Amino acid sequence: MTVAFVTGAAGQDGSLLCERLLADGLVVHGLAFNQTEADAIKESSPDVVVHVGDLGDTEAMAQLVTWIAPDQIFNLGGISSVAFSWDNPLETGRVTGLGAVGMFEAARRCQEQTRRPVRVLQASSAEIFGQPEQAPQDEATPIRPVSPYGVAKAYAHQSASLCRSRGLFVATVILFNHESPRRPPTFVTRKITSSAARIARQGGMLSLGNLDARRDWGWAPDYVDAMVRAIRHEEPDDFVVATGETHSVADFVAAAFARVGIEDWPQHVQVDPALVRPVDATEQRGDASKAKRLLGWEPSVAFDELVGRMVDADVALLERLR
Ligand code: GDP
């Protein structure tokens, strides 16, 4: 049986991926950062073998990988929020950057010891492109990150291709923003959809940063599907995963408020300068032609549908909490 090890197993993508791999019949081990995360994984996916550990502790991770002896490692763990990374650049570098390279090294060591191939999937991010001069961005777009998160992801991304040249199968997916009701409200999408649900019920205001930032927002389960396709592809390679369409934060707000029947959304939104980032990519738009061509991947959920699903989930959550 194929054994997979998923880091970041408690997160949006990690939890979706564990469910997908279990459904495909794999034995799935998941890394949680603390006991609260471990309990959450056990609750939602009892068949996952959960380990608690720090991805940034590279020696402990190497020992864990040797013990699990996985066929596939999906490295999704790390600091996942650009906003958080501005206040925590060291921690971001340690976990998101060094932690990833530690995982590649652990895979190489395991491969040498067991003499069985270990495949690795690294979750890269559109943040590695920073404020790109060309749109859309593809696998050849220059890597010029503009946030601590992007810098850490760029280090991991470029180390992946170095490892490839040293005989390790490391595929990367360069993920553009991908959302679902499992997103925490530290991300603008979930912040907007949970606020729309709340304001529809009891009124109030929503504070946001830059309303003009444009993002290429896709449906998270589609992006998890791309990860699975990339690690199963015959060659390790880099794949941009994106819809190719962009919308502004204001567009997202308008669609979310419309879903709960509020048309005059500017009455409920204020801009808080403290939420505007020091540097921010103004527009990210990905060209996923390569993933479509080589992996047969396609996004399945359009923007309005994505916003609608997230808002509906938040409305239902409020109903349950009532
Ligand atoms: P990111 O693209 O991975 O950083 O995902 P986010 O959801 O955190 O941010 C998407 C965009 O929304 C960025 O351009 C942010 O500057 C912008 N944005 C505007 N207001 C907010 C806010 O209140 N919270 C967050 N997280 N982002 C905001």
Side-chain angles (χ1 to χ4, degrees), residues 8 11-14 76-89 92 95-97 123-132 135-137 141 143-154 156-157 173-199 204-220 223 240-243 245-257 265-266 268-286 303 306-307 310-311 314:
Q12 167 188 261
D13 296 357
L76 277 48
I79 307 304
S80 61
S81 160
V82 176
F84 177 90
S85 80
W86 282 106
D87 292 328
N88 302 276
T92 304
V95 182
T96 302
S124 290
S125 159
E127 282 292 318
I128 65 176
F129 299 133
Q131 292 171 315
Q137 294 90 50
T141 300
I143 294 175
R144 272 197 300 246
V146 295
S147 67
Y149 173 81
V151 169
K153 280 288 188 188
H157 183 77
V173 278
I174 305 170
L175 303 170
F176 282 63
N177 296 51
H178 48 289
E179 315 296 315
S180 78
R182 297 189 194 190
R183 261 295 186 225
T186 44
F187 287 81
V188 79
T189 50
R190 185 71 198 292
K191 182 175 176 182
I192 294 167
T193 60
S194 58
S195 302
R198 170 180 53 83
I199 292 168
M205 294 296 287
L206 163 61
S207 293
L208 290 171
N210 182 7
L211 295 181
D212 298 325
R214 299 187 71 85
R215 289 289 180 274
D216 179 333
W217 279 296
W219 178 239
Y223 290 57
V240 160
V241 184
T243 70
E245 251 186 55
T246 66
H247 298 271
S248 67
V249 172
D251 293 339
F252 200 105
V253 175
F257 278 72
W265 65 266
H268 297 280
V269 173
Q270 62 200 12
V271 171
D272 177 353
L275 295 171
V276 177
R277 296 180 185 173
V279 195
D280 196 19
T282 46
E283 173 161 15
Q284 291 176 348
R285 181 157 65 93
F303 178 73
L306 184 162
V307 178
M310 289 182 70
V311 172
D314 275 316

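We count ligands from 1, going down the list as the structure has it; atoms in each ligand are counted the same way. Given the structure is predicted, the values throughout are model-derived calculations rather than measurements.
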Scanning both residues in full, the closest heavy-atom pair of G286 with A242 reads CA-CB, 3.5 Å

Considering the heavy atoms of A213, write down every atom of ligand 1 situated less than 4.0 Å from one of them. 14 (O)

Do F176 and Y223 make the cut of ring centroids closer than 6.0 angstrom? no

Looking only at N/O atoms, are A83 and ligand 1 under 3.5 Å apart anywhere? no

Below 3.5 angstrom, do we get any N/O pair linking L211 and ligand 1? no

Single hit among E179, R182, R183 for side-chain contact (heavy atoms from CB on, under 4.5 Å) with R190: R183

Please check whether T186 reaches ligand 1 - meaning an N/O of the residue sits under 3.5 Å from an N/O of the ligand, judged on distance alone. yes

Ligand-side contact atoms (ligand 1) for residue partner N177, heavy atom cut-off under 4.0 Å: 1 (P), 2 (O), 3 (O), 5 (O)

Using every non-hydrogen atom in the two residues, find where W265 and A254 come nearest and quote the distance to one decimal. NE1-CB, 3.4 Å

For atom 17 (C) of ligand 1, state which one of D272, V249, V271 supplies the nearest heavy atom. V249

For I79 against F84, the heavy-atom pair lying closest together: CG2-CD2, 3.1 Å

Reference residue V269; test side-chain contact (heavy atoms from CB on, under 4.5 Å); the match among V253, I199, V249: V253

the protein heavy atom lying closest to atom 20 (N) of ligand 1 turns out to be G209 N, 2.8 Å

Just jot down the ligand 1 atoms closer than 4.0 angstrom to any heavy atom of D280, in number order. 13 (C), 14 (O), 15 (C), 16 (O)

Who are the side-chain contact (heavy atoms from CB on, under 4.5 Å) partners of D272, not counting sequence neighbours? S207, A274, L275

Could you name the option among Q284, R215, R277, R183 that has the heavy atom nearest to atom 6 (P) of ligand 1? R277

Which residue supplies the protein heavy atom nearest to atom 23 (O) of ligand 1, what is that atom called, and how far is it? K191 NZ, 2.7 Å

Residues 278-285, side-chain donor-acceptor partners within the protein, below 3.5 Å, at least two apart:
residue : atom : partner : partner atom : Å
D280    : OD1  : R215    : NH2          : 3.1
E283    : OE2  : T246    : OG1          : 3.2
Q284    : NE2  : E127    : OE2          : 3.0

Nearest-contact summary for atom 21 (C) of ligand 1 - protein heavy atom, Å: V188 CG2, 3.4 Å

Which of the numbered atoms in ligand 1 are under 4.0 angstrom from any heavy atom belonging to V82? 3 (O), 4 (O)

